[in-house]
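Read the structure below first, then the notes.
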Amino acid sequence: MQCRMECRDVPAETLYDVLHDIEYRKKWDSNVIETFDIARLTVNADVGYYSWRCPKPLKNRDVITLRSWLPMGTDYIIMNYSVKHPKYPPRKDLVRAVSIQTGYLIQSTGPKSCVITYLAQVDPKGSLPKWVVNKSSQFLAPKAMKKMYKACVKYPEWKQKHQPHFKPWLHPEQSPLPSLALSELSVQHADSLENIDESAVAESREERAGAGGEGSDDDTSLT
């Protein structure tokens, strides 16, 4: 899945900060159940946990990912893929999904504008019903991108009140995370996880009612 969004009044560096700031994500990402950083591998790579709500009546998902990032002048890239961590095995109350390769490319188009491209190759595990696949591509991804844009607009004001100078993704010396050797991790392959068959699950009436896309924003456009 690929999604692209133009942000005509959000600087590239602000969008980059929003994608990194885990405390702020808990404020704007309504799908998140729990998210936290586990450890750092290098100055521009870490391991983290993220669990999220899925459309009812599907089971909720979680993932452990190795994430790396790289500023490239006025552009930025963030990539992640799934790994196994010995202290965070799959949970019985969640389905462990697999990020084969997921990432963001943020390209500056001016002092206060940028374009973000989101690419996701994710195996959600399980045989998902067709309505989930259709809804994800038609509604959920664009809706999430617009929500991210709105979060970016509000971020500078929020950050001024919440450790404004704390940005370990820009200043690695600020990171409170313990170090972790790459040898302690291994790639999480989808075929080693339990396959949950949800193909017969029907969409709930509440989810169908909320499936319509949001109105377009003046300062964003999705392509």
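- Taken together through direct or relayed side-chain contacts under 4.5 Å among Ile, Leu, Val, Met, Phe, Trp and Tyr, Ile38 and Leu185 form part of one hydrophobic cluster.
- The distance from atom CD of Glu13 to atom CG of Asp75, rounded to the nearest 0.5 Å, is 11.0 Å.
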- Task: Applying side chain to side chain contact (heavy atoms under 4.5 Å, CB included), run through Met148 and Ile116 and close with a yes or a no.
- Result: CA-CA 11 Å; Met148 182 193 302; Ile116 179 171; 4.0 Å; yes
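- The two atoms that bring Val115 and Glu6 nearest to each other are CG2-CG, 3.9 Å, heavy atoms only.
- Of all non-hydrogen atoms in Leu94 and Ser51, the two that sit nearest each other are CD1-CB, 4.1 Å.
- The nearest pair of heavy atoms linking Phe36 to Ile22 is CA-CD1, 3.3 Å.
- The heavy-atom pair separating Leu180 from Ala39 by the smallest distance is CB-CB, 3.6 Å.
- Minimum interatomic distance between Phe166 and Pro176 (heavy atoms only, all atoms of both residues): CZ-CD, 4.1 Å.
- Distance check, rounded to the nearest 0.5 Å: CE of Met79 to OG of Ser99 gives 8.0 Å.
- To the nearest 0.5 Å, atom OH of residue Tyr81 and atom CD of residue Gln101 are 10.0 Å apart.
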- CA sep, side-chain torsions, deciding dist, call: Leu119, Leu105, side chain to side chain contact (heavy atoms under 4.5 Å, CB included): CA-CA 9 Å; Leu119 174 68; Leu105 172 63; over 6 Å; no
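- The CG atom of Leu41 sits 9.5 Å away from atom CD of Glu184, with the distance rounded to the nearest 0.5 Å.
- Shown are Thr35, Asp37, Thr65, Asp62; of these, the side-chain hydrogen bond (donor to acceptor under 3.5 Å, both in side chains) with Tyr49 is made only by Asp62.
- When the side chains of ILVMFWY residues are joined at heavy-atom separations under 4.5 Å, either directly or via intervening members, Ile78 and Val18 end up in a single hydrophobic cluster.
- Within 6.0 Å of the NZ atom in Lys112, the count of heavy atoms belonging to other residues, nucleotides or ligands does not exceed 12.
- A donor-acceptor pair is defined here as one N or O able to donate and one able to accept, closer than 3.5 Å; such a pair exists between the side chain of Gln174 and the backbone of His165.
- Residues Val63 and Ser82 share a closest heavy-atom pair of CG2-OG, 3.3 Å.
- We find the OG1-NZ distance between Thr14 and Lys154 to be 15.5 Å, quoted to the nearest 0.5 Å.
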- Task: Go through the steps to decide whether Leu19 and Tyr76 satisfy the test side chain to side chain contact (heavy atoms under 4.5 Å, CB included), and finish with yes or no.
- Result: CA-CA 11 Å; Leu19 288 173; Tyr76 305 88; over 6 Å; no
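- Ring geometry for Tyr88 against His85 counts as perpendicular: the plane angle is over 60°, on a 0 to 90° scale with 30° as the lower cut.
- Two residues are said to be in side-chain contact when any heavy atoms from C-beta on lie closer than 4.5 Å; Leu15 and Tyr104 fail this criterion.
- Ion pairing between Arg40 and Asp46 fails under the 4.0 Å rule for side-chain N and carboxylate O.
- Side-chain contact of Asp29 with Tyr50: a donor-acceptor pair under 3.5 Å is present, judged by distance alone.
- Side chain of Asn60 to backbone of Cys54: a donor-acceptor contact under 3.5 angstrom is found.
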- side chain to side chain contact (heavy atoms under 4.5 Å, CB included) assessment of Leu170 paired with Tyr16: CA-CA 10 Å; Leu170 296 178; Tyr16 184 64; 3.8 Å; yes
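- Distance check, rounded to the nearest 0.5 Å: NZ of Lys143 to SG of Cys3 gives 14.0 Å.
- Side-chain atoms of Arg67 never come within 3.5 Å of backbone atoms of Val47 as a donor-acceptor pair (strictly under, hydrogens ignored).
- A donor-acceptor contact shorter than 3.5 Å links the side chain of Arg96 to the backbone of Pro89.
- Connection of Ile77 to Ile106 is not established within any shared hydrophobic cluster, with ILVMFWY side chains joined at heavy-atom distances below 4.5 Å, either directly or through further cluster members.
- Taking the side chain as every heavy atom from C-beta outward, Lys159 and Lys167 approach each other to under 4.5 Å.
- The backbone N or O of Pro168 sits nowhere less than 3.5 Å from a side-chain atom of Ser175 that would complete a donor-acceptor pair.
- Linking ILVMFWY residues whenever their side-chain heavy atoms come closer than 4.5 Å, directly or via other members, places Ile64 and Val187 in the same cluster.
- A distance-only check finds no donor-acceptor pair linking the side chain of Tyr149 to the backbone of Val10 [under 3.5 Å].
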- Message: Apply side-chain hydrogen bond (donor to acceptor under 3.5 Å, both in side chains) to residues Asp17 and Trp169 and explain how you reach the verdict.
- Response: CA-CA 8 Å; Asp17 288 349; Trp169 53 93; 2.8 Å; yes
